[in-house]
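I have placed the structure first, in the form of structure tokens, so that the comments after it can refer back to it.
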Number of protein chains: 2
Amino acid sequence: MTLTNNSKRRKELVAIAARLFCEQGYERTTVRMLADAMGIKSGSLFHHFNDKQEILCAVIQDGMESAMAIADHALTGLTDPKERFKALAKAHLSTLLNDRNAHVVALYEWRSLTDDSLNVLIDMRDQYEQLWQQVIDDCVAAGLIKGDQPLIRRFALGALNWTVQWYDAEGEKTPDDLAQALGELIGLG
Amino acid sequence: MTLTNNSKRRKELVAIAARLFCEQGYERTTVRMLADAMGIKSGSLFHHFNDKQEILCAVIQDGMESAMAIADHALTGLTDPKERFKALAKAHLSTLLNDRNAHVVALYEWRSLTDDSLNVLIDMRDQYEQLWQQVIDDCVAAGLIKGDQPLIRRFALGALNWTVQWYDAEGEKTPDDLAQALGELIGLG
DNA sequence: TCTCAAATCTAGCGCTTGCTTGGTTTTTTG
DNA sequence: CAAAAAACCAAGCAAGCGCTAGATTTGAGA
């Protein structure tokens, strides 16, 4: 196997791992549980991954790539700051919902990562937050909202990330509704 | 020992456990690590607690009791909805800062609790959120903010809880500043 | 000073953990 | 179809885990 194997099989395994890590937590999920859910024996896992932590890193990485792709796509073509904010919030909520397992894992389990893995993921996170910062800066520059700009970004992302604690996909509210509600709350009718 | 021992010694042990659980996570913290940090042998731990999970529960319980006490105290005497909101936000941030270890553990590690422990803690959490809901309902009733009221509560608590991820006690911003900034962001100048 | 309970220690049991090794099967490819 | 590569399995090791049992120490009250 290569160091950063991106085979289709590996993607499948990572998705299964994401589900178990999300449901039970990383440390409580044993390699035997993972292997069972994947339909292989525990030893075979280490053909695809060098160690357990690498699986965790892959789960989070996939989630972040997905988030970045969805956000980029949502913003293309939009120029109005208010519309860009709402589109980004909606994209964020969509990926939280669609790739919920990976994002819950990212929120909860980053302390189990090695320093090397953490550095890679922090870079990706910073890049994503930079996207948010630009959109918020534009809103402030246009006079739509007031206040400390990094602080607004942190409040907004905090409010959105917290949705994984309570948001029910079967409920009546769509990501669109939530993004709209957040916009209204901070004065972006 | 009694089932719910509240001795001074136990409080000390719980505070030490909170620190380790916060720094390394519950599952990665072994009873031997806990005992070392407490200056006793691992076996002696089980004189104070029935099992490891009970320590986790005690950590979270202490944090919640602290949060509730600070919030109650902050609200006594205040009647103006806007002032009550800001006082509650400030109280929330203060307890997040003062009892940071316990609150980080509560946010990250509730999945390791038994059902019995979880039920107790969920009741406490619901009680605390009820306090928030009333304050927000009053703001909406007074026409200070608009929107779905439980949703506002969730956005606000999300924004505030997220501060444990980035807030630096050594920085220049006080809990007061942050509470003020959040108030302004949602139109409670 | 004696008593007794609370607190601690010593020693280790039984089990699970992540991971390894060496060999076998399956799949891909020229 | 043959050879190479990828995927998998069977078996198990060394280490660490939560927790227990029984003996010992400590400290406050009679």
Side-chain angles (χ1 to χ4, degrees), chain A residues 1-21 23-60 105 109-118, chain B residues 1-21 23-60 105 109-118:
Chain A
M1 65 169 286
T2 53
L3 246 175
T4 41
N5 183 330
N6 272 325
S7 67
K8 187 179 172 189
R9 179 71 175 136
R10 180 168 154 136
K11 285 272 180 200
E12 291 171 12
L13 299 181
V14 168
I16 292 170
R19 201 189 77 234
L20 297 195
F21 288 164
E23 287 170 357
Q24 335 185 35
Y26 171 74
E27 301 285 353
R28 292 163 67 91
T29 305
T30 69
V31 294
R32 285 167 180 81
M33 294 177 190
L34 290 169
D36 273 358
M38 293 165 178
I40 58 178
K41 297 295 172 184
S42 69
S44 309
L45 247 180
F46 296 92
H47 173 74
H48 300 277
F49 307 92
N50 287 317
D51 53 31
K52 189 188 172 192
Q53 181 269 167
E54 193 178 293
I55 310 178
L56 175 61
C57 183
V59 165
I60 300 178
V105 171
E109 311 288 358
W110 55 268
R111 280 178 307 185
S112 295
L113 293 163
T114 62
D115 285 346
D116 284 350
S117 297
L118 200 52
Chain B
M1 65 169 284
T2 53
L3 247 175
T4 42
N5 183 330
N6 272 325
S7 68
K8 187 180 170 187
R9 179 69 175 139
R10 180 168 154 138
K11 284 274 180 198
E12 291 171 12
L13 299 181
V14 168
I16 292 170
R19 202 189 76 235
L20 297 195
F21 289 164
E23 288 169 357
Q24 336 184 34
Y26 171 74
E27 301 285 354
R28 293 164 67 92
T29 305
T30 68
V31 293
R32 286 166 179 82
M33 293 177 190
L34 290 169
D36 273 357
M38 294 164 178
I40 58 178
K41 298 294 172 183
S42 68
S44 310
L45 248 180
F46 295 92
H47 174 73
H48 300 276
F49 306 93
N50 287 318
D51 53 31
K52 190 189 171 191
Q53 182 268 169
E54 193 178 293
I55 311 178
L56 174 62
C57 184
V59 165
I60 300 178
V105 171
E109 310 288 359
W110 55 268
R111 279 178 308 184
S112 294
L113 294 163
T114 62
D115 285 347
D116 283 350
S117 297
L118 200 52

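None of these values were measured; they are calculated from a predicted model.
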>> Expressed as a whole number of angstroms, how long is the span from A:E27:CD to D:dG18:P?
In response: 11 Å
>> Classify B:K41 by what it touches in the nucleic acid, base, sugar-phosphate, or nothing, heavy-atom distance under 4.0 Å.
In response: base
> Atom NZ of B:K52 and atom CZ of B:F21: how far apart are they, to the nearest 0.5 Å?
Replying inline: 6.0 Å
>> The side chain of A:T30 is closest to which nucleotide in this list: D:dA7, C:dG18, C:dT8?
In response: C:dG18
>> Can you tell me if B:R9 touches the phosphate of C:dT8, counting only side-chain N or O atoms and a distance under 4.0 Å to OP1 or OP2?
In response: yes
>> I'd like to check B:Q24 versus B:M33 (side-chain heavy atoms, cut-off strictly below 4.5 Å). Are they in contact?
In response: yes
Show each protein N/O and nucleotides 19-22 of chain D N/O combination with a separation under 3.5 Å, one pair to a line.
{"unit_1": "D:dC19", "atom_1": "OP2", "unit_2": "B:K52", "atom_2": "N", "d": "2.8"}
{"unit_1": "D:dC19", "atom_1": "N4", "unit_2": "B:S42", "atom_2": "OG", "d": "3.4"}

>> Using whole Å, what does the distance between atom C1' of nucleotide C:dC9 and atom CE of B:M38 come to?
In response: 16 Å
> To the nearest 0.5 Å, what is the distance between CG (A:D36) and CD1 (A:I16)?
Replying inline: 11.0 Å
> Within this structure, what is the CG-to-C1' distance between B:L45 and C:dA6, rounded to whole angstrom?
Replying inline: 15 Å
> Do B:L34 and B:T29 come within less than 4.5 Å of each other through their side chains, counting heavy atoms only?
Replying inline: yes
> Hey, does the side chain of A:H47 come within less than 4.0 Å of D:dC8's phosphate (OP1/OP2), counting only N and O?
Replying inline: no
>> Taking the side chain as everything from C-beta on, heavy atoms only, tell me whether B:Y26 gets closer than 4.5 Å to B:V59.
In response: no
>> I need the CG-P distance between A:D36 and C:dT16, as an integer number of Å.
In response: 14 Å
> When the distance from CD1 of A:I55 to C1' of C:dG18 is rounded to whole Å, what number comes out?
Replying inline: 10 Å
>> Quick test of your reading of the model: are A:R10 and A:E54 salt-bridged, counting only N-O distances below 4.0 Å?
In response: yes
